[in-house]
Amino acid sequence: MSTTTAANGSPGDAAKFLAFVFAALSVLGLALATNAQDIGMAFHGWVFTAAFLAATVVLGAKAVSEEPASLPGSIYNDDVIKAGVIASVFWGIAGFLVGLIIALQLSFPALNFDLPWTNFGRLRPVHTSGVIFAFGGNVLIATSFYVVQRTCRARLAGDIAPWFVFWGFQLFLVVAATGYLLGVTEGREYAEPEWYADLWLTVVWVVYLLVFLVTIARRKEPHIYVANWFYLAFIVTVALLHLINNLSLPVSLTGSKSYSLFSGVQDALTQWWYGHNAVGFFLTAGFLGIMYYFVPKRAERPVYSYQLSIIHFWALIFLYIWAGPHHLHYSALPEWAQTLGMTFSIMLWMPSWGGMINGLMTLSGAWDKLRTDPVLRMMVVSVAFYGMSTFEGPVMSIKAVNSLSHYTDWTVGHTHSGALGWVGYISFGALYCLVPWLWKRKQLYSLRLVNLHFWVSTIGIVLYITAMWVSGILQGLMWRAYTNLGFLEYSFVETVEAMHPFYLIRALGGGLFLIGALVMTYNLWRTARGDVSVEAAAAPNLKPALA
């Protein structure tokens, strides 16, 4: 997939070539669909066939028309970013809804409906992948395309390539989600899609990296802004993690099942090297790129300390890569590896808080904006949640604490304080900024609705994480309680029964978070339409910078 038109070629030539490639791929997809050994491969063969045929038609029409790569007077490629914003909102609502459903299933197991594709085991990865990769991934792709163009003062490299990244990623998400419902899974945390989905994502991700790198190489601004460093670390490291963790051998080229090339404790170490760094580079480094652009832009203040941002970057990416073994305390992993993971996890506290301080202190001289701008308030609270999560994580990596917290709901509370508070809020803030900028509106439809979203979802997050903290500690204490005779004091069923009221509170918190996201969706839709509310005149008139 070329990121740019060859010197002697034209956009029409590239479209013709790619139309031929996708036509060939559609034949391959049809062959897989008709010769598949299981229902999962058959279904996905038809999905790939339909997607590749659609791409062939679109590219064929483009080749015939030979439309110019950009409209006259167009500086940036914003259409693909608009599509990314819409996809982010769609996948976010879907992921939050499935999360609420499985939270209710833990409280009321009958909601599984005794159907294979609606049980907790299949819906849970739909939720985790839907929120992390579908919602979070689309936010990262959209914001990275926006930020790299503005900070480099250069149009996105390629005419077709950015669209291939967008639609190729959507195809991967559809294949992954439907595969989970059909029971097609590798059973690896945060990496459950099977081998053929992994191969497709590899192609998409390589094109994503090329688009980003070539855009930076074409920059008219000599300096590379720090947000682009975080985005680049996210793209490169996720590629490395994906390639190594997903090394597997298919049972058959016409079947969906494959087996990992690793086994035993090596497989566990590889899995959690990937798992923790997916958190570190997908859910942290990438979203720090969002923070370093959108918080200063919304506050209309420069980054508090550019030197600190560079220290934050290099310290974070060096330390994070070693922290994965703290997920394997008291396991067959060698003691030295467990201790190494714990040590680097504790050391991560310092660069993480350096980034948090840098983000919060960017508001120096602009703290009064928090009273009038709920979007900025949401982003600042997200940075506070980032600081809280990056303190709690190192504490939980300490072996003595981990012996109580691991495998309990405390871990669930910790991950959701980061996922909802940090990733969710910084993403919402970016979407609230992008929609008026991209659709050329003076301001959001309603700041009051943003304020409602903020408070409803904040109450939901607090209910969620406090319920999980209490239930998790209670679980750990009940599991390690012994009688005077040395027998376990509580059966496992009794510990599950004790969790019921906390699971109800968690479901309530998740429901409130979903309601807040629906309020945001309505607000963004009205903004994109150009509607003006009664109180819109009080909103700040922000415009995107050209640099």
*Asks:* Using 30° and 60° as the class limits, which term best fits the ring planes of H327 and W272: parallel, tilted or perpendicular?
*Replies:*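 It falls in the parallel class, under 30°.
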*Asks:* Within a 6.0 Å radius of atom CH2 on W205, are there more than 12 heavy atoms belonging to other residues, nucleotides or ligands?
*Replies:*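 Yes, CH2 of W205 has more than 12 neighbouring heavy atoms, counting only those of other groups under 6.0 Å.
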*Asks:* OH of Y425 to NE2 of H453: how many Å apart, nearest 0.5 Å?
*Replies:*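 It comes to 6.0 Å.
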*Asks:* Please give me the minimum heavy-atom distance between K399 and T339, naming the atom from each residue.
*Replies:*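 Heavy-atom minimum between the residues: NZ-OG1, 3.5 Å.
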*Asks:* Should W469 and F502 be marked as a side chain to side chain contact (heavy atoms under 4.5 Å, CB included) after you check the CA-CA gap, both sets of side-chain angles, and the distance that decides it?
*Replies:* CA-CA 9 Å; W469 284 338; F502 303 106; over 6 Å; no
*Asks:* Mind listing the closest non-hydrogen atom pair of S427 and V423 along with its distance?
*Replies:*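 Scanning both residues completely, I find the closest heavy atoms to be OG-O, 2.6 Å.
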*Asks:* Is any side-chain heavy atom of S107 closer than 4.5 Å to a side-chain heavy atom of H500?
*Replies:*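 A side-chain contact under 4.5 Å exists here.
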*Asks:* Does any donor atom in the side chain of Y330 or N402 lie under 3.5 Å from an acceptor atom in the other side chain?
*Replies:*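 No, no side-chain donor-acceptor contact under 3.5 Å.
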*Asks:* Would you say the side-chain atoms of T143 pair up with the backbone N or O of L140, donor to acceptor, closer than 3.5 Å?
*Replies:*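 Yes; at least one donor-acceptor contact below 3.5 Å.
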*Asks:* Do Y386 and W422 make the cut of ring centroids closer than 6.0 angstrom?
*Replies:*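 Close enough - the centres of the two rings lie under 6.0 Å apart.
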*Asks:* Between Q475 and T495, is any side-chain donor less than 3.5 angstrom from a side-chain acceptor?
*Replies:*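 There is no such pair between these side chains.
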*Asks:* Measure the acute angle between the ring planes of H326 and H276, then classify it against the limits of 30° and 60° as parallel, tilted or perpendicular.
*Replies:*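 Perpendicular, since the angle between the ring planes exceeds 60°.
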*Asks:* Side-chain contact test, heavy atoms from C-beta onward, threshold under 4.5 Å: evaluate it for Y190 versus F133 and give yes or no.
*Replies:*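 Side-chain contact under 4.5 Å: yes.
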*Asks:* Mind checking the NE2-CG spacing from H127 to L100? Nearest 0.5 Å is all I need.
*Replies:*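 The CG atom of L100 is 10.0 Å from NE2 of H127, to the nearest 0.5 Å.
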*Asks:* Taking everything shown except W349 itself, do over 12 heavy atoms lie less than 6.0 Å from its CH2?
*Replies:*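 Counting neighbours around CH2 of W349, 12 or fewer heavy atoms of other residues, nucleotides or ligands fall under 6.0 Å, so no.
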*Asks:* For F428 and F513, I'd like to know if the aromatic rings sit close, meaning centre-to-centre distance below 6.0 Å.
*Replies:*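 Yes, close enough.
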*Asks:* Taking the side chain from N451 and the backbone from L447, do they hold a donor-acceptor pair closer than 3.5 Å?
*Replies:*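 Here the side-chain-to-backbone pair does not exist.
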*Asks:* Do other residues, nucleotides or ligands put more than 12 heavy atoms under 6.0 Å from the OH atom of Y259?
*Replies:*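 Counting other residues, nucleotides and ligands, OH of Y259 stays at 12 neighbours or fewer.
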*Asks:* Ignoring hydrogens and angles, tell me if any N or O in the side chain of T458 forms a donor-acceptor pair with the backbone of W455 under 3.5 Å.
*Replies:*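 It does not hold such a pair.
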*Asks:* Rounded to the nearest 0.5 Å, what's the gap from CD1 on I461 to OG1 on T466? Could you check?
*Replies:*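 The CD1 atom of I461 sits 11.5 Å away from the OG1 atom of T466.
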*Asks:* I need the I86 CD1 to N138 CG distance, nearest 0.5 Å.
*Replies:*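 Output value for this atom pair is 11.0 Å.
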*Asks:* Got a donor-acceptor contact below 3.5 angstrom from the T215 side chain to the A157 backbone?
*Replies:*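 Pair found, side chain donor or acceptor close to backbone of A157.
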*Asks:* Under the criterion side chain to side chain donor-acceptor pair (under 3.5 Å), I'd like the reasoning laid out for N523 against Y432: C-alpha separation, chi angles, the key distance, then a yes or no.
*Replies:* CA-CA 9 Å; N523 199 2; Y432 277 128; 4.6 Å; no
*Asks:* Locate the shortest heavy-atom distance separating G429 from M378; write the atom from each residue and the value.
*Replies:*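 Closest approach of G429 to M378: N-SD, 4.3 Å.
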*Asks:* Would S457 and M520 satisfy side chain to side chain contact (heavy atoms under 4.5 Å, CB included), going step by step from the backbone distance to the final call?
*Replies:* CA-CA 11 Å; S457 57; M520 177 194 72; over 6 Å; no
*Asks:* Is W367 atom CH2 crowded by more than 12 heavy atoms from other residues, nucleotides or ligands, each under 6.0 Å away?
*Replies:*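 Yes, because the 6.0 Å sphere around CH2 of W367 holds more than 12 heavy atoms from other groups.
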*Asks:* What do you reckon, is CZ of F120 surrounded by more than 12 foreign heavy atoms closer than 6.0 Å?
*Replies:*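 Yes, the 6.0 Å shell around CZ holds more than 12 heavy atoms from other groups.
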*Asks:* Kindly indicate whether the side chain of H312, heavy atoms from C-beta on, has any atom under 4.5 Å from the side chain of V226.
*Replies:*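 The answer is no, as the side chains (C-beta and beyond) never meet within the 4.5 Å cut-off.
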*Asks:* Once you round to the nearest 0.5 Å, how far does NZ of K297 lie from OG1 of T362?
*Replies:*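 Interatomic distance, K297 NZ to T362 OG1, rounded to 0.5 Å: 14.0 Å.
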*Asks:* Is the NZ or CZ atom of R377 positioned over F454's six-membered ring, under 6.0 angstrom from the centre and within 45° of the axis?
*Replies:*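 Satisfied, under 6.0 Å and within 45°.
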*Asks:* Do W479 and Y490 have side-chain heavy atoms sitting under 4.5 Å apart?
*Replies:*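 No - every pair of side-chain heavy atoms lies 4.5 Å or more apart.
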*Asks:* Measure the acute angle between the ring planes of W229 and W314, then classify it against the limits of 30° and 60° as parallel, tilted or perpendicular.
*Replies:*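 Ring orientation of W229 relative to W314: tilted.
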*Asks:* Might you confirm whether atom CD of E489 has over 12 heavy atoms from other residues, nucleotides or ligands at distances under 6.0 Å?
*Replies:*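 It does: E489 CD has more than 12 such atoms within range.
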*Asks:* Is the Y146 ring parallel, tilted or perpendicular to the W437 ring (thresholds 30°, 60°)?
*Replies:*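 Aromatic pair Y146/W437 classed parallel.
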*Asks:* Kindly indicate whether the side chain of L232, heavy atoms from C-beta on, has any atom under 4.5 Å from the side chain of L213.
*Replies:*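 Heavy-atom side-chain distance check passes, below 4.5 Å.
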*Asks:* Has H329 got a side-chain atom pairing as donor or acceptor with S397's backbone, closer than 3.5 angstrom?
*Replies:*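 Here the side-chain-to-backbone pair exists.
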*Asks:* Is there a donor-acceptor pair closer than 3.5 Å between any side-chain N or O of T284 and the backbone N or O of F281?
*Replies:*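 Not at all, since once roles are kept as given, no pair shorter than 3.5 Å links the two residues.
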*Asks:* Would you mind reporting whether S260 and Q271 have side-chain heavy atoms less than 4.5 Å apart?
*Replies:*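 No. Closest side-chain heavy atoms not under 4.5 Å.
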*Asks:* Charged N to carboxylate O under 4.0 angstrom, R124 versus E189?
*Replies:*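 The answer is yes: the pair qualifies as a salt bridge.
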*Asks:* With no hydrogens and no angle check, just 3.5 Å: does a side-chain donor-acceptor pair link S129 and Y180?
*Replies:*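 Side-chain D/A pair, S129 to Y180: present.
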*Asks:* State, with a plain yes or no, whether a side-chain heavy atom of I290 is found less than 4.5 Å away from one of V147.
*Replies:*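 Answer no - side chains too far apart.
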*Asks:* Are the side chain of E497 and the backbone of V493 linked by a donor-acceptor contact shorter than 3.5 Å?
*Replies:*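 No, because the side chain of E497 does not come within donor-acceptor range (under 3.5 Å) of the backbone of V493.
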*Asks:* Among L449, L444, V519, which one satisfies side-chain contact (heavy atoms from CB on, under 4.5 Å) with L524?
*Replies:*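 The side-chain contact (heavy atoms from CB on, under 4.5 Å) with L524 is passed solely by L444 among L449, L444, V519.
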*Asks:* Apply the test side chain to side chain contact (heavy atoms under 4.5 Å, CB included) to residues V375 and R298: give CA-CA distance (whole Å), side-chain angles for both, the deciding distance (0.1 Å), then the verdict.
*Replies:* CA-CA 8 Å; V375 175; R298 189 76 187 188; 3.7 Å; yes
*Asks:* What is the ring orientation for Y293 with Y225, classed by angle as parallel under 30°, tilted 30 to 60°, or perpendicular over 60°?
*Replies:*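 If you compare the ring of Y293 with that of Y225, the planes turn out perpendicular.
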*Asks:* Mind listing the closest non-hydrogen atom pair of S364 and Y304 along with its distance?
*Replies:*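 Nearest heavy atoms, S364 then Y304: OG-CD1, 4.3 Å.
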*Asks:* Indicate the ring-plane relationship of W353 and F391, choosing parallel, tilted or perpendicular according to the 30° and 60° boundaries.
*Replies:*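 Ring orientation of W353 relative to F391: tilted.
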*Asks:* Restricting to non-hydrogen atoms, name the atom on F230 and the atom on A285 that form the minimum distance, rounded to 0.1 Å.
*Replies:*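 The pair with the smallest heavy-atom distance is CB-O, 3.3 Å.
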*Asks:* Could you check whether atom CZ of F262 has more than 12 heavy atoms from other residues, nucleotides or ligands sitting under 6.0 Å from it?
*Replies:*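 Yes, enclosed.
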*Asks:* Does a donor on one side chain sit under 3.5 Å from an acceptor on the other, for Y274 and N246?
*Replies:*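 Absent: no donor and acceptor within the cut-off.
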*Asks:* For residues R506 and S471, is any side-chain donor paired with an opposing acceptor at under 3.5 Å?
*Replies:*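 The criterion, which ignores hydrogens and geometry beyond distance, is not satisfied for S471 and R506.
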*Asks:* Rounded to the nearest 0.5 Å, how far apart are CG of L316 and OG of S309?
*Replies:*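 If I round to the nearest 0.5 Å, the distance is 12.0 Å.
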*Asks:* Do L363 and L370 touch side chain to side chain, with heavy atoms closer than 4.5 Å?
*Replies:*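 A side-chain contact under 4.5 Å exists here.
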*Asks:* Under 3.5 Å, is there a donor-acceptor pair linking the side chains of T151 and N228?
*Replies:*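 The answer is yes; a qualifying pair exists.
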*Asks:* Go through it in stages, so that I can follow the logic: the residues are D409 and Y503, the test is side chain to side chain donor-acceptor pair (under 3.5 Å), and I'd like the CA-CA distance, side-chain angles, deciding distance and then a yes or no.
*Replies:* CA-CA 10 Å; D409 289 334; Y503 286 175; 3.1 Å; yes
*Asks:* Do the side chain of R219 and the main chain of I224 share a donor and acceptor less than 3.5 angstrom apart?
*Replies:*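 No.
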*Asks:* Under 3.5 Å, is there a donor-acceptor pair linking the side chains of Y208 and S144?
*Replies:*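 The answer is yes; a qualifying pair exists.
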*Asks:* Return the minimal non-hydrogen interatomic distance between A227 and Y292, and the atom names on each side.
*Replies:*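 For A227 versus Y292, the nearest heavy atoms are CB-CB, 4.2 Å.
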